[in-house]
Amino acid sequence: MTFGKGHHLHLIDGSAFIFRAYHALPPLTRKSDGLPIGAVAGFCNMLHRYVEGNTGPDAPTHVAVIFDKGSHTFRNDMYDLYKANRDAMPEDLRPQMPLTRSATEAFNIACKEKEGFEADDIIATLAVQARAAGGQCTIISSDKDLMQLVGDGVEMLDAMKNNRIDREGVFAKFGVYPERVVDVQALAGDSVDNVPGAPGIGIKTAALLINEYGDLDALLERAGEIKQPKRRQTLIDNADQIRLSRRLVQLDENTPLDFTIDDLEVRDPDPETLLGFLAEMEFRTLTKRIADQMGKEAPVIADAPAAPDAPVVADLPFDPEKYEQVSDAAALQRWIDAIYEVGYVAVDTETTGLNEMTAELVGISLATQPGTACYIPLIHKAGASDDLFGSEDLAEGQMKTEDALRMLTPMLEDPAILKIGQNMKYDAKIFAQIGITVAPFDDTMLMSYAQHAGLHNHGMDTLSERYLSHTPIPIKPLLGSGKSAITFDKVPLDKAVQYAAEDADITLRLWQFLKPQLHSAQVTKVYETLERPLVPVLAAMERSGVKVDRDTLSRMSNAFAQKMAGLEDEIYEIAGRKFNVGSPKQLGEILFDEMGIEGGKKGKTGAYATGVDILEDLATEHELPARVLDWRQLSKLKSTYTDALQTHINADTGRVHTSYSIAGASTGRLASTDPNLQNIPIRSEEGRRIREAFIAEEGKTLVALDYSQIELRILAHIADIPALKEAFERGDDIHAMTASEMFDVPMDEMTPDIRRRAKAINFGVIYGISGFGLARNLRIPRSEAQGFIDRYFERFPGIRTYMDDTKAFAKEHGFVQTLFGRKIHTPEIASKGPRAGFAARAAINAPIQGTAADVIRRAMIRMPDAIKDLPATMLLQVHDELLFEVEKGHEDALIDAARDVMENASDPVVKLAVKLTVDAGKGANWAEAH
DNA sequence: GACATCACG
DNA sequence: GACGTACGTGATGTCC
């Protein structure tokens with residue numbers, strides 16, 4: 001078959017795949033011999049995902065993966081500094097390079113490279129040939145150097161983001177169409193490849209110049225006509241360097257190749273070769289997945305001899321057929337006996353829903369050793385799940401719930417038996433509903449969180465894939481989705497047993513794997529003092545809930561609706577037509593296209609940005625954006641708060657029960673969901689009134705206590721800033737003090753505006769400040785913002801040291817730590833480009849935010865005991881605030897007790913050089929209490 | 001389901 | 001020297 005019209009060539013940028021794979025995965029090694037294998041694993045996964053996605057009319061007829069070969073190319077002969085500032089290839093990546101070639105061949109995909117040429121040149125040559133033959137070509141890469149090739153049958157595809165780049169996409173990136181990309185690159189240069197370009201000229205300016213003069217040659221010829229003197233001189237002085245740069249970025253479309261496109265025809269992989277390679281690499285999950293898809297038996301991957309200090313995990317295969325259904329007392333007794341034999345058991349509950357307040361217990365699964373697990377169904381319904389009306393009759397083969405619980409409760413509450421769960425808070429709440437207190441327990445989710453926060457999430461699917469190389473049975477096929485979804489009690493028993501028992505089995509295996517590592521990772525203390533003890537505390541808070549007055553919300557909702565309708569009329573009037581005010585896309589078109597307002601900026605999706613910042617700027621000149629801002633505020637308040645909150649009021653309790661995720665935020669903070677009660681409005685007057693709907697029960701009062709400036713105090717301690725510490729000791733207004741120090745204004749002459757600036761800088765420091773960010777926040781020129789920052793560092797030199805030290809620590813270890821030993825991993829700190837900047841700022845922020853999170857966790861854990869003699873309940877946590885409900889008359893006693901716990905929460909583990917101060921308030925509702 | 005927007009600390 | 005930039009979250013509506 002000769003390549004031509006109707007054919008489609010795919011060219012995969014192999015190096016891009018490799019580096020993405022390398023940075024996306026932790027440094028995995030092959031179990032049997034420790035060979036670094038992470039990049040190969042990621043590479044194979046990407047290749048497999050790519051092949052899977054190749055269906056439909058657009059599928060390629062020809063494909064090749066193109067690699068770079070050697071580091072010396074013809075460009076180095078032109079310019080010896082080309083790519084000279086590239087970091088050397090990481091030690092553990094080098095041995096993986098040949099393996100990625102083998103992997104490509106194992107997938108039976110053509111694999112091409114050529115000494116002295118970059119992959120980009122080969123890609124260029126093939127793309128041009130494909131175009132000349134009248135075929136289509138897709139380059140799978142997001143490398144901007146390839147963008148010059150786009151157009152006329154050639155396009156690019158970012159496989160990770162599934163983002164196609166055509167001529168317009170290139171224009172969005174470079175400000176010129178593909179045929180002029182080289183000109184722009186020649187001017188702008190490229191720091192990554194060390195292409196010099198013209199000093200002081202970036203892509204924006206380059207595109208401007210090229211568009212004005214047509215092309216680079218014309219520009220250089222007529223450089224004397226450029227108006228800006230500096231720019232003119234730069235171009236005149238550097239003309240040779242610019243021409244050299246153009247030769248460097250220009251891809252060679254005539255690379256001599258010893259093959260043709262016809263040799264790249266798509267071929268099916270040979271199962272034996274592919275599976276053999278994957279097995280040799282010891283990719284258990286991928287081997288099995290691909291074997292299943294091909295309908296082949298997965299080759300056996302030999303168990304590696306465990307390294308002496310590696311935890312021993314039984315590598316027993318998962319077999320859903322081996323799980324037992326427990327149907328009677330005799331069988332259950334055998335399980336209980338087995339549990340007492342070993343002293344621990346993995347427990348998992350199945351219920352009718354995810355909301356522990358309303359969910360009903362459907363069954364319980366137990367596991368005592370890997371592969372040995374059972375499911376005790378309790379209220380599964382009889383009849384097929386496709387029965388139109390369902391059946392209310394219970395299925396055969398189930399114990400009565402009360403009989404089963406009577407036998408299980410002593411074990412669940414027995415201090416001698418350790419109960420192991422994955423996200424035990426959920427199961428503990430289900431059991432608490434029926435009066436059972438599960439203790440003691442371990443939680444595999446929290447063990448993973450203590451060790452790996454920042455690396456990945458800690459759901460069972462993730463942990464099982466990562467640490468057991470096993471994909472759990474998915475729940476979706478059992479329950480369905482959308483309207484036709486059923487609850488677990490409708491799942492046929494045979495399927496239910498396999499699914500439920502497997503969860504307990506996985507949990508037990510994870511525990512065996514993760515528990516011993518707590519110690520070696522030195523996070524046992526974190527797990528034992530900050531994670532596990534918080535579970536029962538949060539469970540109790542969530543079960544308590546907070547009383548919310550539906551009438552108040554409903555009245556506010558109506559008021560908002562009326563105001564919104566009025567605003568909509570005004571908005572349509574100004575716009576001259578009706579449109580959906582809630583659609584940023586339509587709003588952008590109205591503002592910038594139809595009304596012709598200047599300064600519309602398009603984001604990466606090509607839509608105009610219409611965020612608050614932009615609308616606020618426009619609002620000084622125009623009516624419409626001002627009205628839209630008002631409308632948006634009301635819309636937010638109505639939909640997210642006054643309306644949605646009502647649906648969360650529990651019918652039985654009349655209260656709202658949030659759920660806190662303990663292992664969600666990487667820094668150690670909690671997160672509140674369903675509903676989120678950590679973002680109830682307060683900053684605007686209108687929004688603040690929503691807190692009036694959060695009320696105390698009759699005869700009770702709400703009490704709120706919050707840490708004052710906890711993060712700045714922690715910063716003062718960690719970075720050891722005497723001036724800050726002294727100011728906190730004196731009880732000064734910290735932002736005013738900072739302002740006075742920085743701007744040489746005496747405290748008694750402080751103005752609100754100067755203080756506001758200092759406050760922004762104080763917060764900026766906590767976030768890993770940048771001149772750009774501060775400038776945007778304060779809406780001042782960047783140079784001025786940078787001046788403030790310089791001044792700040794000068795006055796408080798410890799801050800810069802802290803920032804530099806923290807970054808260096810993160811680079812060296814891949815994580816940072818809080819004062820209490822919590823680890824927050826920052827894997828991206830090693831990456832190049834803007835990602836590293838993000839990671840660096842996150843690394844600077846994490847010890848501060850994380851230590852504050854640890855402090856309030858410690859307070860919460862001690863709180864139940866400290867207030868046990870008071871008629872008070874802890875209801876909510878909002879990062880630096882705790883909300884309580886207390887019987888009238890006991891408010892002050894509660895404040896005294898709770899404040900004492902909070903202010904001394906770091907004792908005795910960490911002796912803070914700055915005292916922690918807690919403000920308190922009380923009232924009939926949350927607005928008053930705060 | 002991605003994206004934009006906006007609520008909180 | 002330019003790049004793209006404040007930290008951490010969750011919920012909602014639009015649009016594909």
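A, B, ... follow the sequence lines: proteins, then strands. Residue 1 opens every chain. These figures come from a predicted structure and were not determined experimentally.
With sequence neighbours left out, A:Arg822 forms a salt bridge (Lys or Arg N to Asp or Glu O under 4.0 Å) with A:Glu531, A:Asp854.
The residue A:Gly611 sits close only to the backbone: its heavy atoms come under 4.0 Å of sugar-phosphate atoms, none of a base. Residue-level contact check: A:Ile766 touches neither bases nor backbone, having no heavy atom under 4.0 Å from any strand. Contact annotation for A:Ile682: backbone-only contact, meaning every heavy-atom pair under 4.0 Å involves sugar-phosphate atoms and none involves a base. Nucleic acid contact for A:Asn676: sugar-phosphate only, since backbone atoms but no base atoms lie under 4.0 Å from a heavy atom of the residue. Using a 4.0 Å heavy-atom cutoff across all strands shown, A:Ala853 reaches no nucleic acid atom at all. Within 4.0 Å of A:Arg632, counting heavy atoms only, lie sugar-phosphate atoms of the nucleic acid but no base atom. Residue A:Leu670 is classed as having no contact, given no heavy-atom separation below 4.0 Å to the nucleic acid. Within 4.0 Å (heavy atoms only), A:Glu711 reaches no atom of the nucleic acid at all. Looking at heavy-atom distances under 4.0 Å, A:Ala760 makes contact with a base. A:Gly200 comes within 4.0 angstrom of the backbone, heavy atoms only, and of no base. A:Ala609 comes within 4.0 angstrom of the backbone, heavy atoms only, and of no base. Using a 4.0 Å heavy-atom cutoff across all strands shown, A:Ile203 reaches sugar-phosphate atoms only and no base atom.
By the 4.5 Å heavy-atom criterion applied to side chains, A:His735 and A:Arg756 are not counted as neighbours. At least one side-chain heavy atom of A:Arg632 sits less than 4.5 Å from a side-chain heavy atom of A:Leu587.
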Before giving the answer on salt bridge (charged side-chain N to carboxylate O under 4.0 Å, His left out), spell out for A:Glu928 and A:Arg691 the whole-Å C-alpha distance, their side-chain angles and the decisive distance to 0.1 Å.
CA-CA 8 Å; A:Glu928 280 179 30; A:Arg691 296 191 173 218; over 6 Å; no
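Candidate nucleotides C:dA11, C:dG8, C:dA6 were compared by shortest atom distance to the side chain of A:Tyr767, and C:dA6 ranks first. Distance from the side chain of A:Arg691 is smallest to B:dC8 among B:dC8, C:dT12, C:dG8. The side chain of A:Ala842 lies closest to C:dG8, out of C:dG8, C:dA6, B:dA7. Counting only heavy atoms from C-beta on, A:Asp880 has its side chain closest to B:dG9 among B:dG9, C:dG10, C:dG13. Candidate nucleotides C:dA11, C:dT5, C:dT9 were compared by shortest atom distance to the side chain of A:Phe772, and C:dT5 ranks first. Here the nucleotide nearest the side chain of A:Ser661, chosen from C:dG8, B:dT5, C:dG10, is C:dG10.
Counting non-hydrogen atoms of other residues, nucleotides and ligands closer than 6.0 Å to CZ of A:Arg689 gives a total of 12 or fewer. Under a cut-off of 6.0 angstrom, the local environment of NZ in A:Lys83 is crowded, with over 12 non-hydrogen atoms contributed by other residues, nucleotides or ligands.
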Pairing string, 5' to 3', for DNA chain C - Watson-Crick or wobble contacts under 3.5 Å, brackets [ ] where pairs cross, | to another strand:
......|||||||||.
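Position along DNA chain C of the nearest nucleotide to A:Pro199 versus A:Thr640 favours A:Pro199 as the more 5'-ward residue. Closest-nucleotide positions on DNA chain C for A:Ser635 and A:Tyr641 were compared, and the one nearer the 5' end corresponds to A:Tyr641.
With a 6.0 Å cutoff to the six-membered ring centre and a 45° limit on the axis angle, A:Arg841 counts as a cation-pi contact of A:Phe838.
Between the side chain of A:Lys636 and the base of B:dC6, a donor-acceptor pair under 3.5 Å is found. In terms of polar N and O atoms assigned as donor or acceptor, the side chain of A:Ser770 comes within less than 3.5 Å of the base of C:dT5 in a complementary pairing. Put simply, the side chain of A:Arg776 and the base of C:dG4 share no donor and acceptor less than 3.5 Å apart. Between the side chain of A:Arg782 and the base of C:dT5, a donor-acceptor pair under 3.5 Å is found.
Between A:Glu52 and A:Arg49, no side-chain nitrogen of the basic residue sits less than 4.0 Å from a carboxylate oxygen of the acidic one, so the salt-bridge criterion is not met.
At a cut-off of 3.5 Å, with distance as the only test, a side-chain donor of A:Ser684 or A:Gln633 sits close to an acceptor on the other residue.
Between A:Asn580 and C:dT14, a side-chain N or O to OP1/OP2 separation shorter than 4.0 Å is present.
The separation of C:dA6 from B:dC6, taken at their P atoms, amounts to 15 Å, rounded to a whole angstrom.
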